[in-house]
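The chains referred to below are lettered A, B, ... by the order of the sequence lines, with proteins before strands, and numbering in each begins at 1.
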2 protein chains.
Amino acid sequence: MSDGIIEEPETSVDSWDTLAPEERVKYFHGLPYSERDDFFLALSARDQAGLILALPEGERRIWMRLLPPDDATDLIQETPEEERAGLLALLDDSARREVVALLAYAEDDAGGLMSPRFARLRPDMTVDEAIAYLRRQAEQVETIHYAYVLDSEQHLLGIVPLRRLMSAQKDQTVREIMRTDFLSASEEMDQEALAKLFSQEHLLAVPIVDKEGRMKGIVTVDDIVNVVAEEASEDIQKIGGMEALEGPYLQSAFKEMVKKRGGWLAALFLGEMLTATAMGYFEEEIARAVVLALFIPLIISSGGNSGSQATTLVIRAMALGEVRLRDWWRVVRREFAAGLVLGCMLGVIGLMRILIWQRVFHPYGLHYMLVALTVAASLIGVVLFGTIAGSMLPFILRGLGLDPASASAPLVATLVDVTGLVIYFTVASIIMRGTLL
Amino acid sequence: MSDGIIEEPETSVDSWDTLAPEERVKYFHGLPYSERDDFFLALSARDQAGLILALPEGERRIWMRLLPPDDATDLIQETPEEERAGLLALLDDSARREVVALLAYAEDDAGGLMSPRFARLRPDMTVDEAIAYLRRQAEQVETIHYAYVLDSEQHLLGIVPLRRLMSAQKDQTVREIMRTDFLSASEEMDQEALAKLFSQEHLLAVPIVDKEGRMKGIVTVDDIVNVVAEEASEDIQKIGGMEALEGPYLQSAFKEMVKKRGGWLAALFLGEMLTATAMGYFEEEIARAVVLALFIPLIISSGGNSGSQATTLVIRAMALGEVRLRDWWRVVRREFAAGLVLGCMLGVIGLMRILIWQRVFHPYGLHYMLVALTVAASLIGVVLFGTIAGSMLPFILRGLGLDPASASAPLVATLVDVTGLVIYFTVASIIMRGTLL
């Protein structure tokens with residue numbers, strides 16, 4: 001957690017992304033000495049890593065040692081494997097031990113966000129002793145807003161919010177004022193679950209304990225703000241129909257980006273080929289009533305759009321914990337009703353469109369009324385199907401242990417396209433039998 | 001900012017959403033007295049509002065008065081207009097004045113997130129005096145992690161992080177240790193911009209000042225975590241092709257939800273009608289070569305999918321500030337290259353598919369090679385167009401002062417569908433002239 005007070009960002013930092021490594025070094029060296037540390041600390045871990053690696057080796061140490069261990073860990077995680085040992089060697093022994101320990105955690109675990117530098121108290125201190133002791137620790141710890149009360153085996157006994165300590169009587173003991181009804185998290189807790197905890201409980205920091213209840217470190221809310229944004233980015237990119245990128249768009253390697261988009265695009269394309277197969281079955285119908293072909297894009301895209309709405313709603317509600325797996329039946333009922341209303345709405349608009357066009361331009365021939373009815377009825381069926389399929393796919397994926405966000409708008413559209421064609425031609429063959437077909 | 005230490009959530013809170021108002025009251029009354037306040041404070045503003053309104057009038061006051069003014073404001077904003085005066089009347093005079101002042105700010109402004117209860121110091125206090133003074137204020141303020149140094153006209157002179165105060169010498173003055181190079185925000189700053197500031201600068205709290213530099217209040221990071229999640233939800237729902245809902249999915253009124261989805265769905269449908277018009281122009285071609293119709297869904301959906309990927313990438317990058325309006329040319333070049341690579345990839349897959357099917361099932365007649373080449377060339381054109389259109393639409397919307405997230409996957413798909421048909425039939429008429437057409 002930083003001091004929270006930082007100079008107004010330079011306008012030139014805005015264009016930082018667009019600078020080549022040498023230009024970054026030049027800009028950095030151009031800053032007055034007194035501003036360089038604030039500037040460096042304000043950079044993201046990724047940008048810090050880029051800058052450090054661009055600096056001459058002799059200059060790297062002071063910047064590495066400026067960082068607290070959790071930030072140094074983040075920086076090292078942003079560097080290529082072969083550079084890591086070199087950067088680690090720049091740290092002092094104690095910081096290096098901490099960073100090596102933190103590097104052992106997966107990046108997405110609570111342990112990976114954790115800082116080992118927290119404020120400690122003993123339970124038998126008085127309030128005045130505790131305040132004096134915290135004043136001595138203040139420079140070294142990540143946050144002094146909470147002090148963690150540990151026994152001699154490092155078991156976490158309680159937490160003292162600084163606010164409570166400050167307003168307590170001088171002669172009370174830490175044990176008397178500490179809170180024992182606190183939340184803690186395990187080292188393996190997923191960072192997304194941890195973010196949900198912070199947001200629901202309005203926490204500033206959470207202690208991380210091992211299975212024996214021994215305190216390992218703390219995760220602070222400033223790291224969580226970034227986790228929330230990162231997880232949302234991943235979901236948004238998946239909803240857009242691609243694998244999530246690992247870094248900012250403009251900084252992602254072109255090859256990585258094309259790979260992450262191409263994989264899904266090819267998979268969707270293979271799925272979409274079923275439309276050509278389905279259309280093959282209806283080739284004769286199309287030849288007999290070409291007018292049917294005119295509405296194919298309109299019908300299948302309406303199913304895709306309504307499915308896309310339903311799937312994004314459900315994915316986001318799941319990500320925020322508003323909807324759980326067991327809510328599926330409530331969602332089905334709700335989406336069935338919504339799909340029916342929306343389908344009827346589009347059906348009426350479609351019907352009107354064809355009748356008005358027929359009045360004005362006469363494009364649809366003698367049986368225009370049958371065409372109009374076919375389109376309207378198909379729209380109701382396709383929108384209803386799209387809505388239900390779109391809302392249920394995230395449940396199915398989660399039920400299978402997959403990420404519900406993979407039920408992207410394009411995936412749902414692809415699923416619905418094939419079914420939409422079948423619905424459309426089935427409805428047509430019922431309504432038009434004996435006339436056009 | 002809460003104490004940050006709260007009991008383990010009851011498992012039954014998980015199903016809180018599913019309870020009717022009476023059941024919530026019953027559950028709430030079933031809790032031991034000592035647990036009710038923690039339970040109430042841990043609820044979201046929306047749930048607090050629902051519970052308060054379900055409680056008998058005589059019981060409401062203690063719960064309203066339990067809340068700090070910014071949380072009371074949030075609660076009141078979640079209630080229907082006609083209930084607000086009644087709830088305001090329950091507050092004591094001083095809290096009511098603060099809440100009324102906060103209610104004047106738009107919900108999405110910095111002012112709407114602000115708390116007027118911050119820790120104050122005078123510049124000429126000594127460190128020891130300041131600590132003693134803060135200990136007296138600790139119970140009343142939103143956070144004591146920063147103390148704000150004000151002159152007699154409430155102008156903000158500097159900020160003292162508690163950590164710095166705790167580690168300073170006893171006889172230094174506040175003026176000597178305060179930081180004067182701090183960030184502040186105006187009352188009108190948009191909450192999304194504010195969230196970006198918190199995330200980029202790793203802030204815990206930001207002071208809000210008026211045009212004359214007078215301190216109005218503070219915004220703390222715990223409110224920002226929710227803002228980040230809310231803004232991401234809005235973007236995700238817009239990307240899915242609908243207006244953003246105001247509350248959680250399952251708690252949104254059915255009518256509101258259908259309206260927000262139906263509006264966009266109808267607009268997209270009207271746009272998609274252009275496909276029927278476009279198809280009308282090619283009716284003769286389809287009649288002559290029905291085989292062309294078979295690949296229409298495949299072609300247009302490939303354009304929609306690649307456009308959806310590009311638009312979500314750019315929307316998210318814009319929301320995070322990674323891409324700015326002036327970066328449009330860099331994005332065009334990047335997306336042109338990506339679109340070309342992806343288009344060629346799909347073109348090759350499409351070509352293979354047709355040639356293999358022809359080998360095995362002979363469905364495409366004598367001129368199957370022309371069909372295959374038409375499909376492959378169209379795929380390259382459509383994917384390239386979809387990618388560029390999808391990536392540029394957010395820029396155009398932002399340039400017009402609109403929300404780039406409205407460039408939803410369905411909107412891009414609709415745009416690309418019409419163009420895709422034109423590309424496909426144009427390519428067909430060039431390649432097949434004199435043979436099939």
Side-chain angles (χ1 to χ4, degrees), chain A residues 2-7 135 138-139 144-145 159 161 163 166-167 179 181-182 199 201-204 221-222 225 228-229 232-233 236 240-242 248-249 258 261-262 268-269 272 275-276 279 286-287 290 293-295 297-298 301 305 308-309 312-313 316-317 322 338 341-342 346 409-410 417, chain B residues 2-7 135 138-139 144-145 159 161 163 166-167 179 181-182 199 201-204 221-222 225 228-229 232-233 236 240-242 248-249 258 261-262 268-269 272 275-276 279 286-287 290 293-295 297-298 301 305 308-309 312-313 316-317 322 338 341-342 346 409-410 417:
Chain A
S2 94
D3 245 11
I5 304 174
I6 284 174
E7 300 189 355
R135 284 173 77 166
E139 289 291 349
I144 54 162
H145 310 145
I159 301 184
R163 179 204 292 258
M166 298 287 276
S167 60
R179 295 200 56 164
D181 54 346
F182 53 82
S199 147
E201 309 290 343
H202 297 275
L203 302 174
L204 287 179
V221 69
D222 58 323
V225 172
V228 171
S233 291
I236 286 176
M242 57 178 294
Y249 167 73
V258 167
R261 290 160 71 165
L268 292 169
F269 187 75
E272 194 71 32
T275 59
M279 294 281 284
I286 298 172
V290 175
L294 306 189
F295 299 101
L298 185 64
S301 73
N305 291 345
S308 157
Q309 291 186 339
T312 43
L313 270 180
R316 186 60 184 165
E322 294 165 8
V341 172
L342 295 170
L346 294 196
D417 279 357
Chain B
S2 94
D3 244 10
I5 303 172
I6 284 176
E7 300 189 354
R135 284 173 78 165
E139 288 291 348
I144 53 163
H145 311 145
I159 301 184
R163 177 204 293 258
M166 297 288 276
S167 59
R179 295 199 58 163
D181 54 346
F182 52 84
S199 147
E201 308 290 344
H202 297 276
L203 303 174
L204 287 179
V221 69
D222 58 323
V225 172
V228 171
S233 292
I236 287 176
M242 57 177 294
Y249 168 73
V258 167
R261 289 161 71 164
L268 293 168
F269 186 75
E272 193 72 31
T275 58
M279 293 281 285
I286 297 172
V290 175
L294 306 189
F295 300 101
L298 185 65
S301 75
N305 291 344
S308 158
Q309 290 185 340
T312 44
L313 269 179
R316 187 59 184 164
E322 295 164 7
V341 172
L342 296 170
L346 294 196
D417 279 357

Item to complete: Just give me the residue among B:T312, B:D417, B:L294 that pairs up with chain A most often, heavy atom to heavy atom, under 4.5 Å.
Response: B:L294

Discussion item. What part of B:R316 gets within 4.5 angstrom of chain A, counting heavy atoms only: side chain, backbone, both, or neither?
Written reply: side chain

Response to the item:
When the 4.5 angstrom heavy-atom criterion is applied to B:N305 and chain A, the contacting part is both

Worksheet entry | Option in A:V290, A:V225, A:V228, A:I236 with maximal non-hydrogen atom pairs under 4.5 Å from chain B | A:I236

Discussion item. Quick check on the interface: out of B:A229, B:S233, B:S167, who has the most heavy-atom pairs with chain A under 4.5 Å?
Written reply: B:S233

Worksheet item: Using non-hydrogen atoms only, which part of A:A317 is less than 4.5 Å away from chain B: side chain, backbone, both, or neither?
Response: side chain

Item to complete: Not counting sequence neighbours, which residues clear side chain to side chain contact (heavy atoms under 4.5 Å, CB included) with A:V258? List them please.
Response: A:F254, B:A338, B:V341, B:L342

Discussion item. Can you tell me how far apart NE2 (A:H145) and CZ (B:R163) are? Round to the nearest 0.5 Å.
Written reply: 7.0 Å

Response to the item:
The interface call for A:F295 against chain B, heavy-atom contacts under 4.5 Å, is side chain

Fill in: Stepwise side chain to side chain contact (heavy atoms under 4.5 Å, CB included) test for B:L204 and A:V221
CA-CA 8 Å; B:L204 287 179; A:V221 69; 4.1 Å; yes

Worksheet item: Where does B:Y249 contact chain A at under 4.5 Å (heavy atoms): side chain, backbone, both or neither?
Response: both

Worksheet item: Any side-chain heavy atom of A:M279 sitting closer than 4.5 Å to one from B:L298?
Response: no

Worksheet item: Checking B:A409 against chain A: side chain, backbone, both or neither under 4.5 Å from a heavy atom?
Response: side chain

Practice prompt. Would you give the length of the straight line joining atom CG of A:L346 to atom CD of B:E272, rounded to the nearest 0.5 angstrom?
Written response: 11.0 Å

Worksheet, complete the sentence: From the list A:A287, A:S301, A:A293, the residue making the most non-hydrogen contacts under 4.5 Å with chain B is A:S301

